[in-house]
Structure formats: structure tokens, C-alpha cells
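Written below as C-alpha cells is the structure these notes are about.
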Amino acid sequence: MDKATSPFSALGISDAFLSVLTDENYSDPTPIQLAAIPAVLFGKDILGIAKTGSGKTASYVLPVLQRWDEAKWTLKNRHVPVLVLVPTRELAVQVETVFNLLAQGLATRPKVMAVFGGVSINPQMIGMQDVQVLIATPGRLLDLIDSKAVHLAQVQVLVLDEADKMLDLGFKEEMDRVLALLPRKRQNLLFSATLSNAVNEITQLVLHKPEVIQVTDEPQEVQLIEQRAFRVEPERKGPFLRYLIRSMDMHQVLVFTSSSHSADHVADKLSKHGIEAEAVHGKKSNHARLGTLARFKAGKLRVLVATDLLSRGIDIEALPYVINYELPRSPKDYVHRIGRTGRAERSGMAFTLVTPEDQPHFKVIQKKMKQWLTLEGTDDVDLKSV
Ligand code: ADP
Ligand code: MG
């Protein structure tokens, strides 16, 4: 894939990983990867919930490898920087394989090792020298710690994969012991297929202000969302957008555009007219993106203008308004976009601006949604004072 256009690059993944992603036919990030990768690169704690087979492994392996590669942590002898706790031997081996696979393109590759019970501990003790990524089941890890083969005091990143299973299998006590040996300052990444009470419990124990990413099959309850569509001439779109925001007194509104360029343009125009707006899209740094998003979520930014990069995965709770300033390419993206509102059993409103030229495409979207909206005329709306 062309490096400049890889959707993984847009998430902040460096070029070193792109050829292996192409070789593995990872052409597009999965929803959990879309949401998790930028957050992990940014150093955030995350709780990632997505069903089995949704690509959770790469959603942490890629950004963790990149962080490891960039940070060049220098640690004392037998101290590991990256610790992945898993409930089973099978998963340990699987995760080890993915780390080694995805690290292929790095100039310096980390030493990756999986350890688990049921096999002789001696080779594991010897192998622990210079390990950079340790994948372990809790019991065997504690044995290795007790025999001073490995130390956790300098762990930078902790991953708990299949956290739900970890508790089901009765590893609570071992986990508590392991957690007590970790340094306070570290990044925590917790993944699970389900969000159970047990997972909530570890979340409290482990995570620090996590970004919660929950990918569900049905991205939203479409019924909870009131949808309206407006027919607007192209040159009246900007003023009409301001009119909507002002006349409906919107204070937290997500506006979607179809390109980064137009996201910047729309945000600029709004700001110039005194409506505070910022754009997020794939061409902004992760740092800028997450900062803007955090301000928006906290209610400190009135308008967030985004491309479809943002329409999946990232959970913004009960957002009251979404506006499609430009149509998405696919009906699926339309569903994801409007799914940003009306969540958590609260109702929301989704507005779509449709130019005469957009009309055929908007019909296609509605047909796929099996939901038809009356296109409301806007020519009579006075836009002079907005
Ligand atoms: P989970 O941990 O969520 O159950 P895995 O991480 O094991 O899922 O991934 C399931 C499968 O999907 C694996 O075979 C993996 O190689 C593949 N996969 C992961 N991400 C992608 C992607 N972006 N594109 C294509 N295949 C992917
Ligand atoms: Mg998994």
C-alpha cells in the first residue's frame, strides 16, 4: 500500500510497520484498532471491549511496539519494560507470535518471550535475560519473580489481555500480587470481549482515567436518533450550518466533513464567525487530536469538525447533535456518524445537509438504511445575519 495513504499511517503508525501490514493483508484498521491505536500511542490508559476476532491483539501490539521503539527505555538487568498478562498458555504463544510478526520491520527488534506453567521453568529463567516484551500467565510469572529471574519495578506498559477470562479462571489473587510489584507510573491497557462486573473491578484497580473503547455490533439505537435532512445550495452551506448551531442553541456539536481539507476549512469559517470550533482528522498529530477531543468531551469546545476517522469506536457519551456537513461515502459510515448521538438511552439529533448534487447519493444511503427522510427546503431561511 502507498505509505502516504495507509489508513494505519493516519492513526500515527510509523512507516516501519507498513510493509508487514500489507503482507498480512491488514488493509484497514478494525474499529477497535481505529480507536485504540492513537490513544495508546498517546500514552493513555485504555479499556478496550470488543468481541472475539475483532483484532484486539494488533490494537495494542502495534502501538506498544512503536512506543518501545521510540522510547529506547534503558532498564536495569532483568527488568522488563513491557508486560502482557494472559490467562492461558495458548494465548501467551499467540500473542508472542503477533509481537514477533509485527516487529519484523523495526531496525532493532525487541526480544519477546512467552512464559507459562506446565513446562520446565529453567529454560524460562535463563531466557529472561534482556527480555523486552514478556508475555506471561500470572502463576508462572510469580514463580519467576520469586526466583529473581525477572523484576517488574520498571514496567512501562502493562497489558491485560482477555481480562474477563483471567478472573473467571481464578487469577484474582495472583493478579493482585503482580500489580503490587509494578511501579505506580505506567501505562495500562486492558482488553476484554465482555464488560462484566469482574472487568469493572479490575478496571478500578488498574486503570488511570482510561479511555473506554467499546465496540459493539450495533453501533447505535437508530430509533433514539431524530434525523432531519435539509436541502441546501452549496454556497449557502456555511451560513446554514451557523444558522443551525445558533438557532438551536447547540453547545456540543459534532460536524462531519468528507476530507481533512474541508474539516479545516469549516472549522476556520465557524471560528471566524465567533463559533468556537476545531478540526480533527488524520493529518493532525495524535497529540493534537486527543487534546481537541478531550476538550470537546469535557464540554469546553463548542464544535468539533471531524472526518470519518472519528465516526467509529470513540465513545462520546450522549452527544446531543451530529451534523453531516458533507455526506459520507458509504451508508455504513452514515450509521457510524449518527451513532455518535443518541447513545446510552438518551435521544439525540442528527442533521444532514444535502446539496442538489448530493441527492442521488443520499437516496442510496437511505435505501440501505431502509429509512426515508423528507428533504426539508431551506431557500426561505434568512441567512444574512448569521
Ligand atoms: P481478538 O483478540 O479481538 O479476538 P485477534 O487480535 O486475535 O482478535 O484478531 C483476529 C484475526 O483478525 C487475526 O487472524 C488477525 O490476524 C486478524 N486481523 C486483525 N486485525 C486485522 C486487520 N486490520 N485487517 C485484517 N485482519 C486483521
Ligand atoms: Mg484476543
Side-chain angles (χ1 to χ4, degrees), residues 1-3 5-41 46-66 82-105 112 114 116 133 135-138 157-169 171 188-196 198-199 202-203 211-217 219 282 308-309 311-315 330 332-333 336:
M1 170 165 306
D2 179 2
K3 283 180 177 177
T5 60
S6 163
F8 282 95
S9 310
L11 298 178
I13 289 298
S14 80
D15 291 354
F17 295 99
L18 298 186
S19 39
V20 63
L21 292 175
T22 307
D23 291 348
E24 291 301 306
N25 288 320
Y26 282 30
S27 45
D28 284 300
T30 64
I32 185 82
Q33 291 164 3
L34 269 178
I37 288 172
V40 176
L41 285 175
I46 67 167
L47 168 60
I49 310 287
K51 68 173 184 214
T52 305
S54 56
K56 292 191 288 297
T57 323
S59 81
Y60 66 82
V61 171
L62 280 172
V64 166
L65 280 172
Q66 184 163 325
V82 178
L83 174 64
V84 184
L85 283 180
V86 294
T88 63
R89 164 191 186 144
E90 290 69 32
L91 185 59
V93 173
Q94 213 177 305
V95 170
E96 178 188 32
T97 310
V98 177
F99 265 103
N100 281 323
L101 174 77
L102 296 180
Q104 276 179 56
V112 181
F116 35 79
V133 177
I135 303 141
T137 53
V157 183
L158 169 72
V159 182
L160 297 184
D161 199 351
E162 297 195 2
D164 43 353
K165 241 188 232 162
M166 200 96 82
L167 295 174
D168 290 347
L169 293 174
F171 285 129
N188 302 289
L189 313 173
L190 203 147
F191 291 88
S192 173
T194 56
L195 187 55
S196 60
V199 172
I202 349 180
T203 306
E211 174 107 11
V212 177
I213 299 165
Q214 188 163 10
V215 178
T216 47
D217 294 339
D308 284 295
L309 181 72
S311 71
R312 290 165 193 241
I314 294 178
D315 189 27
S330 75
K332 237 188 184 159
D333 283 329
H336 280 289

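For the numbers below, each heavy atom of this structure counts, side chains included, while hydrogens, waters and symmetry mates do not. Computed from a predicted model, the values in this text were never measured in an experiment. Just follow the structure's listing: the first ligand is 1, and inside any ligand the first atom is 1.
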Check: Ser27 N/O within less than 3.5 Å of ligand 1 N/O: no
Ligand 1 N/O within reach of Thr52 N/O, cut-off under 3.5 Å: no
Tyr60/Val98 under side chain to side chain contact (heavy atoms under 4.5 Å, CB included): CA gap, chis, key distance, verdict: CA-CA 10 Å; Tyr60 66 82; Val98 177; over 6 Å; no
Per-atom contacts of ligand 1 with [X], taking only distances under 4.0 Å to non-hydrogen atoms:
{"X": "Lys51", "result": "3 (O)"}
{"X": "Thr57", "result": "2 (O), 5 (P), 6 (O), 7 (O)"}
{"X": "Ser54", "result": "1 (P), 3 (O), 8 (O)"}
{"X": "Asp28", "result": "22 (C), 23 (N), 24 (N)"}

Closest protein heavy atom to atom 17 (C) of ligand 1, given as residue, atom name and distance to 0.1 Å: Tyr26 OH, 3.8 Å
Heavy atom of the protein closest to atom 20 (N) of ligand 1 (residue, atom name, distance): Gln33 NE2, 2.8 Å
Ring-ring centroid check Phe17 Phe8, cutoff 6.0 Å: no
Glu162 side-chain N/O to Leu91 backbone N/O, donor-acceptor pair under 3.5 Å: no
Any donor-acceptor N/O pair, Lys56 side chain to Ala50 backbone, under 3.5 Å: yes
Qualifying residues under salt bridge (charged side-chain N to carboxylate O under 4.0 Å, His left out), relative to Glu96, sequence neighbours excluded: none
Minimum non-hydrogen distance to atom 4 (O) of ligand 1, winning option of Gly55, Ala58, Gly53: Gly53
Gap separating the CG atom of Leu83 from the CG atom of Leu160, nearest 0.5 angstrom: 8.5 Å
Rounded distance (nearest 0.5 Å) linking atom NZ of Lys165 with atom OG1 of Thr88: 6.0 Å
Heavy atom of protein closer than 4.0 angstrom to atom 22 (C) of ligand 1: yes
Protein contact for atom 14 (O) of ligand 1 (heavy atom, distance under 4.0 Å): no
Under-4.0 Å heavy-atom contact with ligand 1, by part of Ile32 that carries it: neither
side-chain contact (heavy atoms from CB on, under 4.5 Å) against Ala103, all qualifying residues, sequence neighbours excluded: Leu65, Leu106, Pro110
